[in-house]
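Worksheet: one structure, shown below.
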Number of protein chains: 2
Amino acid sequence: MRLSNLADYAVVTMSAAARHCGGGRTSAAELAAETGLPVPTVQKVVSKLSAAGLLRSVRGAGGGLQLARPAAAITLADIVEAVEGPIALTACIDGDECAVDHTCSVKPHWPVVNAALRGALAGIPLTQLSKAAPREPNLTGISA
Amino acid sequence: MRLSNLADYAVVTMSAAARHCGGGRTSAAELAAETGLPVPTVQKVVSKLSAAGLLRSVRGAGGGLQLARPAAAITLADIVEAVEGPIALTACIDGDECAVDHTCSVKPHWPVVNAALRGALAGIPLTQLSKAAPREPNLTGISA
DNA sequence: GCAAATCGGAACGAAATGGTCTGATTTGAC
DNA sequence: GTCAAATCAGACCATTTCGTTCCGATTTGC
C-alpha cells in the first residue's frame, strides 16, 4: 500500500530534472546535489527511468541526462510504473491466479480500485510538480 | 504500490466471515477451510482484524469469531487499514520529514492521491464483496 | 593516443514480510 | 470439582524483496 523509496526518489529526481530541461543536459551527480539524495541511489533511479524511456542518457565525457518527452507529457503514473511496474494493488491481476483457486469473489473488484488509483496518478503531470503548492486548498485533507 | 499478502488474505477472510455472520459464530479453522489458506495464516490475520475492532473473538471451547459490525458498515478501506496501517503512499505524510529536508515540491500532491485511493477503497463495502460479480461492466478495464 | 567523466550492471547487506510453532485461556463434559 | 478439548494470542524463524554501494564499460575532449 506504500510505494517503495525508489519510486519516491524517482519522482523527486524527475521533478528536479524537469527544471533543467530548458537549460539542456544535466548529470546524475547534479541531480543528487540538488535533491540531497546519495549519488549511487540517483544513478540507480536514473537507470530505471532511462530504461523505461522517460529519460534520455548520453554516455561519455560531457554527456548527461535530459527528459525524453516534454514535462507536460509525463505524469506521476508514468514515473511510478517505470520503477515499480504495472499499477496494481494485487498480484492476481497479471498473474491471473491467487495462491488458492477458490472462487474468489473479491477479485472482480480490484480493477475498479486500480483504475481509480491510476487515474489519480495520471492526473498530475510533471509540470505541476515543479510548482510550489498544489491547487487544492486542503493539504492535510486525508479524510476528505 | 502493491498491498501485502496479509492484507489480501484479510480481505478474503473477511469476505468469508461475512457469509457466516447470519449463522452466528465461526472459527478460524473453518474460514481457512473455505478460503483454502493455511490455518496459521488465517489465525494471524484474524488476530490483526480483531485487534483493529473489525472482528469479535470469543476464546475457549465453543468460541469463535463474528463480525463486530454489520457487513454494510465495513469497507475495503477498513480492512486494509487494519492490517497495513494508515493508507498513505509515502511516509512523509505521517512522519512529516523526508530523508532530506529539501524544499520538496512533490509533497503537497500526495494527499490528493491518497484521498483518491482511500475513496476508491471506501466505496466498496463488505456486502458487495460477497456477490459474484461487480456492477461495473468491464472487468479488465484497467485503462478505463 | 591519453585521460577524464559519465552511465550501466552486478554484488553485498539490511529490513520487512510471510509462515510456523508453542503457550495461555476458556468452556464443556464427566 | 476435575479433566480434557478447543480456541485465540503472542513470539520465533526462514525467506524474499528492497535499498545501498561498488566496480566495470563506454564515450568524448584534449
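Residue numbers start from 1 in every chain, and the chains themselves are labelled A, B, ... in the order their sequence lines are given, proteins ahead of strands. The analysis underlying the following values was restricted to heavy atoms, covering all of them including side chains, and did not include hydrogens, waters or symmetry mates.
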- Which distance, rounded to the nearest 0.5 Å, do you find between the OG of B:S27 and the CD of B:Q66?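 So the OG of B:S27 and the CD of B:Q66 are separated by 13.0 Å.
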What integer distance in Å separates [X]:[atom1] from [N]:[atom2]?
X	N	atom1	atom2	result
B:R2	C:dG18	CZ	C1'	17 Å
B:R56	D:dC8	CZ	P	15 Å
A:K48	C:dC7	NZ	C1'	16 Å
B:Q66	D:dC8	CD	C1'	15 Å
B:K44	D:dC13	NZ	P	14 Å
A:L37	D:dC18	CG	C1'	16 Å
B:L3	C:dA16	CG	C1'	16 Å
B:L65	C:dT26	CG	P	16 Å

Practice problem: Applying side-chain contact (heavy atoms from CB on, under 4.5 Å), run through B:V113 and A:L121 and close with a yes or a no. | Solution: CA-CA 7 Å; B:V113 180; A:L121 291 172; 3.7 Å; yes
- Message: Go through it in stages, so that I can follow the logic: the residues are A:W110 and B:L76, the test is side-chain contact (heavy atoms from CB on, under 4.5 Å), and I'd like the CA-CA distance, side-chain angles, deciding distance and then a yes or no.
- Response: CA-CA 10 Å; A:W110 288 124; B:L76 269 181; 4.3 Å; yes
What nucleotide among [options] has an atom nearest to a side-chain atom of [X]?
X	options	answer
A:P38	D:dT21, C:dT20, C:dG18	D:dT21
B:Q43	D:dT7, D:dA9, C:dG18	D:dA9
A:S4	C:dT20, D:dT7, D:dC18	D:dC18

* Tell me what B:A51 touches on the nucleic acid: a base, only sugar-phosphate, or nothing, going by heavy atoms under 4.0 Å. => nothing
Does a side-chain N or O of [X] approach OP1 or OP2 of [N] to a distance below 4.0 Å, or not?
X	N	value
A:S57	C:dG8	yes
A:S50	C:dG8	yes
B:Y9	C:dG19	yes

### Message
Any N or O donor-acceptor pair under 3.5 Å from the base of D:dA25 to the side chain of A:R59?
### Response
yes
Practice item. Verify whether one side chain among B:E84 and B:S4 offers a donor that lies under 3.5 Å from an acceptor in the other. Key: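 B:S4 and B:E84 do have a side-chain donor-acceptor pair below 3.5 Å.
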Quick check: is A:V58 connected to A:M14 through a chain of hydrophobic side chains (ILVMFWY, heavy atoms under 4.5 Å apart)? no
